Amino acid sequence: MSAIPAEILAGAERKPHRTSGWWGMIATIATEAALFAYLLFSYGYIAAQAPPPWPPVGAPELKLALPNTLVLLASSVTVWWAERRLSRRGDLRGCRRGFLATLAFGAVFIAVQLLEWHKKSFTPASHVYGSLYFTITGFHMAHVVAGWVMLAAVAWWLASGRAGPARPVPVAVSAVYWHFVDAVWLAVFTTFYLLPRLG
Amino acid sequence: MVAVVGSNELGRRLDAQWERPRGLVGWLATVDHKEIGIRYLVTAFSFLVIGGVEALIMRLQLARPNAALLDPAEYNQLFTMHGVTMIFLYALPILSGFSNYLWPLLLGTRDMAFPRLNAFSYWVFLLSGIFIYVGFVTGHGPDAGWFNYVPYTSRAYDPGPNIDIYALGMVFFGISTTVGAVNFIVSLFKTRAPGMSVNRVPIMVWGTLTASFGNLAAVPAVSLAFLMLWLDRQFGTHFFDVEQNGRPLLWQHLFWMFGHPWVYAIVLPAMGIVSDALPVFCRRPLVGYTAVALSTVATIVLGFGVWLHHMFATGIPPLGLSFFSAASMAIVIPSAVAVFAWIATIWTGRPVRATPFLYFAGFVFLFVVGGVSGFMTAAVPLDWQLTDTYFVVAHIHYVLLGINVFPVLGGIHFWFPKMTGRLMSERLGRWSFWITFTGFNVAFLPMHLTGLLGMPRRIYTYPAGVGWDGLNMLTSIGAFVVALGVLLVVVNVIRSLKSGAIAGPNPWDAPTLEWATSSPPPPYNFLVIPTVASRHPLWENRLDETGERSSTRVGPALDHGREILRTTPLDAEPDGSVHMPEDSLLPLVTALVMLAGFAALLAHHWWLALAAAIGTAICTLVWLTPARPATLGAP
Ligand code: HEM
């Protein structure tokens, strides 16, 4: 067999989308997406058979949730920008700034969401709608927190040289997870906040 | 970069890099897929034995009418634990054991894509199994059947900790299955030897890959269902609570959305074992490789489709039998393809009747018989008649023992020489096969009749004189004969470990890569990364399919620390060398922290649970932290 060129052997970490780490994250996202699909299926299954009115407490208000959705979307934009700065220009500082902005937006989202929970007139034990609402938004919150911790760790690694232009994998992997968490929110938001207004 | 086999110097260097530290810490820290695979096999087989003992106790109770060995509550726990043990703790993990041991060897690489995750997946499997069993041993085992229907399992009807232990244990166990599936998928697409394009991988790889995709899609359903049940029981949520507009049927939907692919996950890799190993004993390649590979994938696609139909078109609440029937229906076409391929392979080959061949041929026979009866019961009217009788129990066992246990026993005899360097005794092997096979049919064939005569399943005893006595006695005798056969396998394994004949690299003269290295393989598997030119790298001189030749003697050495070759997903072209992690205690520590967390949840120690969650996060971060640049060499 002919020798494999040295530059092929050495270049493994440069293209993040070819690494095992990236593929592992995509597979994880696939199974988590399935989890949220089952959560939303459960909501639909119960909602479809519940006596009207559904939701029993009326459609949830958009006053906090809509701006908060925009905050989360903005955080996706900043992390996308951060990744591009790194991959296209090797701009470490820009990338770190993008990560810090994303972390700030993420923290706002978490705080507002806690406030929203706090203001609810019901608990998970009040009725099945309450169980669904808190369990599903709770699952999402857990994923936001996990994603946030991951982004914070990568921001730290960017500062300490463990990640950077020559080691872009952690940036790519944490960014795609964050996008996923945002996409899930859009599905949750649509299900809980928008659909009841259509009917 | 290129090295030629035969250089001892290279072997010594690789040994130094790949060998785990000696001693207990090394044993606990190893990430070698071969050690992990063997642990999976031993642990899962132990669960088979434990589940088997539970079955024997039940059969003692049922051997005669009005027996009083067990009271109804004990019987409930026994049949539930038997089902849980066999379905979850034995049937899939044993196949994961084979796949873990074999995957990198079959693919021509040195380890899985995520070696530490592999160790983690094993530890979680072991600890979650212990978690569930601690409940059982202390008298708090699950007691509402392995599929655990609400409302039987809601707090009002089952107030003890039994169901909580099962629920939390299953969520914990699901983590093991999920990360295992991720690891198989990524390893397949990233680490195959150069030249091993997807149309050259062994069928078992197709089976495990398909099962892994199925698990990624399905396991969240059951984990979620168990979590919701636990919330209902402990926090007063109302998911399954009719009075508050919850839906008990939601449980059944979520459970069977999972259960459906799971059945394929516990049969497809086993069918893969047969597709790869049977041809070795027929001295020819498998007939219809492409058809069998495609039908493997088709099974799960069809399975999901049939399931959707089942759920939405008919709206019949899925019951035990209709579930298994639908599963059999879906599997009929693709498995017919496989059956014809196996029969044609035997027919056109020159069969060598070694022990593994007996097990595989026995499997094909049971598969045909079970398939026909399964197809018959799949018809709906029969379905209604037979639901919840012993006919179902008989059918379940024909499917599960036939398609899982027989290939597994064959696989043990087949790969034992590779794993240990020694051959198993042929004489004991033949005895074990004939005893198991006879006992199996004595136990379960009459059981169909018991069901037709109306004996319901899950009853702890029955009155005399309704015509069930003799059949039950026969079944119980058969059960003990099966146990004797399995015992003989264990004896054979233990004896052969010490005194079996030395096997050499390729005792069966088999064609695939695992037989190209020594038995047992060195920690680094292959001295040089092989290059593959066909499906049967070791039979090329005989078959001469392509004119090209695989190479297991000349190739990249990758000896700068633990390294493997990464290749492209479909064509397996070289795409870089990757550094692999060292042995580590982190997988075990993380699994133990999580165990503490689940125990805390069970005991309502919320602060401890929170501490465990934070501990898990810290472990994960330490685990994922990349090395500092200096230790990686120049960027
Ligand atoms: C010699 C071997 C075995 C014997 C004698 C045996 C016997 C039994 C018995 C007596 C029951 C309870 C029937 C009832 O009361 O409804 C049962 C149930 C069951 N067995 Fe086995 N079994 C054996 C092996 C296996 C294996 C290898 C598997 C799976 C891989 C398995 C899976 C099951 C399942 C899923 C159930 C249903 C449990 C439930 O109703 O929740 N069994 N078996």
Side-chain angles (χ1 to χ4, degrees), chain A residues 1-6 8-15 18-21 23-24 26-28 30-39 41-42 45-46 49-51 56 123-132 134-135 139 145-146 149-150 153 157 160-167 169-170, chain B residues 1-2 113-114 117 178 181-183 185-187 189-191 194 215-221 223-225 227-228 231-232 235-239 241 244-247 249-250 253-254 257 531 551 554-556 558 565-566 568-569 574-578 617 621 624-629 632 635:
Chain A
M1 100 139 242
S2 56
I4 298 165
I8 289 192
L9 285 181
E13 299 302 311
R14 298 293 173 84
K15 300 202 173 89
R18 293 196 190 169
T19 57
S20 298
W23 278 62
I26 297 299
T28 309
T31 189
E32 300 238 70
L35 172 67
F36 279 99
Y38 294 121
L39 278 163
F41 165 80
S42 304
Y45 186 80
I46 287 175
Q49 300 179 62
T123 70
S126 304
H127 37 60
V128 72
Y129 177 78
S131 312
L132 287 164
F134 280 104
T135 304
F139 256 104
V145 171
V149 171
M150 207 187 310
W157 296 339
S160 64
R162 289 173 195 269
R167 274 172 281 280
V169 182
Chain B
M1 270 304 152
V2 177
F114 305 113
L117 197 64
T178 302
V182 168
N183 214 349
I185 292 174
V186 177
S187 303
F189 284 120
K190 289 277 124 186
T191 69
N215 282 336
L216 283 192
V219 170
S223 300
L224 177 64
L227 187 80
M228 284 172 159
L231 291 174
D232 266 16
F235 292 92
T237 56
H238 306 288
F239 295 111
D241 171 10
Q244 291 281 344
N245 299 320
R247 294 285 149 209
L249 272 186
L250 178 62
H253 281 302
L254 288 175
M257 279 180 201
T531 304
S551 158
V554 185
L558 301 184
L565 188 66
R566 191 177 77 204
T568 55
D575 187 36
S577 70
V578 186
L621 284 178
L624 294 178
T625 300
R628 275 192 178 284
L632 277 179

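Just so we're on the same page: letters track the sequence lines, and every chain starts at 1. Note that the structure is predicted; figures quoted are calculated from it, not measured.
Looking at residues two or more places apart in sequence or on another chain, you find no side chain to side chain donor-acceptor pair (under 3.5 Å) involving B/Thr178. Every side-chain contact (heavy atoms from CB on, under 4.5 Å) that B/Ala113 has, sequence neighbours left out, goes to A/Ser20, B/Asn183, B/Val186, B/Ser187, B/Thr191.
Among A/Ser126, A/Ala146, A/Pro165, the residue with the largest count of heavy-atom pairs under 4.5 Å with chain B is A/Ser126. Contact tally against chain B (heavy-atom pairs below 4.5 Å) for A/Ser42, A/Ala34, A/Pro170, A/Ala163: the top residue is A/Ser42. Looking only at heavy-atom pairs under 4.5 Å with chain B, the residue among A/Pro51, A/Ala50, A/Pro56, A/Ala37 that has the most is A/Pro51. Between chain B and the options A/Ile26, A/Thr31, A/Thr28, A/Ile46, the largest number of non-hydrogen pairs under 4.5 Å is found for A/Thr31.
Residues B/Leu231 and A/Phe134 fail the side-chain proximity criterion, which asks for heavy atoms closer than 4.5 Å. The shortest distance between side-chain heavy atoms of A/Phe41 and B/Leu254 falls below 4.5 Å. At a threshold of 4.5 Å between non-hydrogen side-chain atoms, the residues B/Leu224 and A/Leu35 count as touching. With a 4.5 Å cut-off on side-chain heavy atoms, A/Tyr45 and B/Leu249 count as touching. At least one side-chain heavy atom of B/Phe239 sits under 4.5 Å from a side-chain heavy atom of A/Leu132.
Of the two parts of A/Phe36, neither the backbone nor the side chain holds a non-hydrogen atom closer than 4.5 Å to a non-hydrogen atom of chain B. Both the backbone and the side chain of B/Leu624 come within contact range of chain A, with heavy atoms under 4.5 Å apart. Residue contact with chain A, scored on non-hydrogen atoms closer than 4.5 Å, involves the backbone of B/Phe235 exclusively.
Of the possible donor and acceptor atoms, one in the side chain of B/Arg247 sits under 3.5 Å from a partner among the backbone N and O of A/Gln49. Side chain of A/Arg162 to backbone of B/Pro626: a donor-acceptor contact under 3.5 angstrom is found.
Minimum interatomic distance between A/Tyr38 and B/Ala218 (heavy atoms only, all atoms of both residues): OH-CA, 3.9 Å. In this structure, A/Trp157 and B/Leu621 approach most closely via the heavy-atom pair CZ2-O, 4.3 Å.
Taken to the nearest 0.5 Å, the OG1 atom of A/Thr19 stands 7.5 Å off from the NZ atom of B/Lys190.
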